[in-house]
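Read the structure below first, then the notes.
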Amino acid sequence: NFYLTERMPEYRAEKEILLTQLPLGGSQYEKYWFDGRRVRMEFVPVDKVFLPFSANSFYTASRITHERTLTEDKVEEHVDSGFYRDVFTIAEHQVETTASEDATAKIEGKEDSGYNEDGQRIIYEVTCTWDINEEGLAPYVIHIDEPTGKIAAIYRNWKESDESKERLDWWVEDKFIPWRGAYGIGFPHLIGGLSGALTGALRALLDSAHINNAPTAIKLKGGRASGQNVSVDMTAITEVEAPAGVDDIRKIMMPVPFNPPSQVLFNLLDWITAQAKGVVATAEEKIADAGNNMPVGTALALIEQGSQVFSSIHARLHDAQRRALKIICRLIADYPEHAMAD
């Protein structure tokens with residue numbers, strides 16, 4: 001508790017961001033490492049982690065690839081410290097963004113200028129098993145520069161004293177709802193179809209209301225008055241010249257009788273909303289609908305029924321926290337003189 005709250009000030013902020021994104025992506029990831037002074041933690045979104053197509057589980061995947069975006073000064077820092085080889089011959093590289101990154105930037109109000117001012121470049125950090133110099137398969141971590149395709153760093157991923165060369169864990173997976181493959185599913189996967197139907201129904205209602213309120217009329221072909229340009233002001237009386245023999249303006253022009261917004265669409269909107277709420281309903285919503293005279297046993301049964309889905313999600317989060325604490329404790333044990341220093 002001391003280490004998470006005092007020595008790792010970024011932990012809570014990164015963890016909160018992860019938990020807000022977990023219902024959207026289905027799977028999100030935590031990454032831990034020792035930076036020479038203390039243990040660090042970073043939230044890695046699901047669109048930045050690539051697993052083999054045949055992988056059935058994150059922890060048993062033969063390869064984990066992390067797409068990192070580093071600025072020019074960070075790359076130079078790694079080169080100066082000797083962590084990276086100087087393979088970065090291409091100075092400028094335009095980093096392409098994913099659809100989720102574009103959506104996030106739109107929500108935050110950010111707009112890409114199109115220029116790579118910070119000198120960003122993509123580095124693939126691959127945790128895999130590889131055979132180097134025909135010494136047999138062993139776990140390694142390989143950093144590959146995307147623009148040049150060259151290896152910037154490679155180092156072993158097992159303890160030097162471990163003759164079995166067991167792979168060290170640096171990653172923790174947080175999963176919302178498990179599915180058949182290596183990735184979990186979230187609310188967009190569960191109610192994405194209902195959300196699309198709700199959007200379609202709402203757009204149809206808005207279009208119908210807009211058309212119904214638009215000033216549209218039809219006019220007799222022979223009933224025209226030439227040579228006048230009329231501007232109608234609100235709350236004022238405007239005179240319009242009429243052709244000879246016409247004493248009623250309604251005999252020349254008639255507003256188009258568009259249908260108002262359909263009540264069927266309103267009912268459909270309410271029904272789809274109720275179906276979507278049923279998927280994400282919680283125990284509090286069930287208790288709120290009950291009366292004050294509900295028996296205690298019935299209330300407890302409703303709470304238990306409404307908490308089944310989210311209790312299982314919390315259990316998976318607790319298991320992920322267990323794995324994270326094991327990694328943190330291992331790193332502190334490996335570097336006690338630095339990890340616990342003030």
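Keep in mind that what you see is a predicted model, and the values were worked out from it rather than measured.
- Residues Leu325 and Leu168 are members of one and the same hydrophobic cluster, defined by side-chain heavy-atom contacts under 4.5 angstrom among Ile, Leu, Val, Met, Phe, Trp and Tyr.
- Cluster membership for Ile144 and Trp130, using ILVMFWY side-chain heavy atoms within less than 4.5 angstrom, is shared.
- Residues Tyr335 and Glu337 bring no donor and acceptor atom of their side chains to less than 3.5 Å of each other.
- Arg40 has a carboxylate O that lies under 4.0 Å from a charged side-chain N of Asp35, or vice versa, which qualifies the two as a salt bridge.
- Counting only heavy atoms from C-beta outward, the side chains of Phe88 and Ile123 approach each other to under 4.5 Å.
- Salt bridge absent: Asp169 and Arg330 never bring a charged side-chain N and a carboxylate O closer than 4.0 Å.
- One finds no salt bridge joining Arg68 and Glu146 here, because no Lys/Arg side-chain nitrogen approaches an Asp/Glu carboxylate oxygen to under 4.0 Å.
- Within a 6.0 Å radius of CZ in Arg156, more than 12 heavy atoms belonging to other residues, nucleotides or ligands are found.
- Between Tyr155 and His143, the ring planes lie tilted relative to each other; the angle falls in the 30° to 60° range.
- Other residues, nucleotides and ligands contribute at most 12 non-hydrogen atoms within 6.0 Å of the NZ atom of Lys74.
- Between Asp319 and Arg322 there is a salt bridge, since at least one side-chain N of the basic residue sits less than 4.0 Å from a carboxylate O of the acidic one.
- The environment of Trp179 atom CH2 is sparse: at most 12 non-hydrogen atoms of other residues, nucleotides or ligands sit within 6.0 angstrom.
- Counting only N and O atoms by type, the side chains of Thr273 and Asp270 include no donor and acceptor under 3.5 Å apart.
- In this structure, Asp174 pairs ionically with Lys15, as a charged nitrogen and a carboxylate oxygen lie closer than 4.0 Å.
- Under the 3.5 Å distance criterion, the side-chain polar atoms of His78 are left unmatched by any main-chain donor or acceptor of Val75.
- Within a 6.0 Å radius of CD in Glu10, other residues, nucleotides and ligands contribute more than 12 heavy atoms.
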Practice task
Walk me through it: do His66 and Tyr124 pass the test ring-ring contact (aromatic ring centres under 6.0 Å, His included)?
Solution key: CA-CA 6 Å; His66 176 200; Tyr124 292 114; 9.7 Å; no

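- Glu135 CD: more than 12 foreign heavy atoms inside a 6.0 Å radius.
- Trp33 and Met41 get closest at one heavy-atom pair: CZ3-C, 4.2 Å.
- For the pair Arg323 and Trp171, the cation-pi criterion (under 6.0 Å, within 45° of the ring axis) is not fulfilled.
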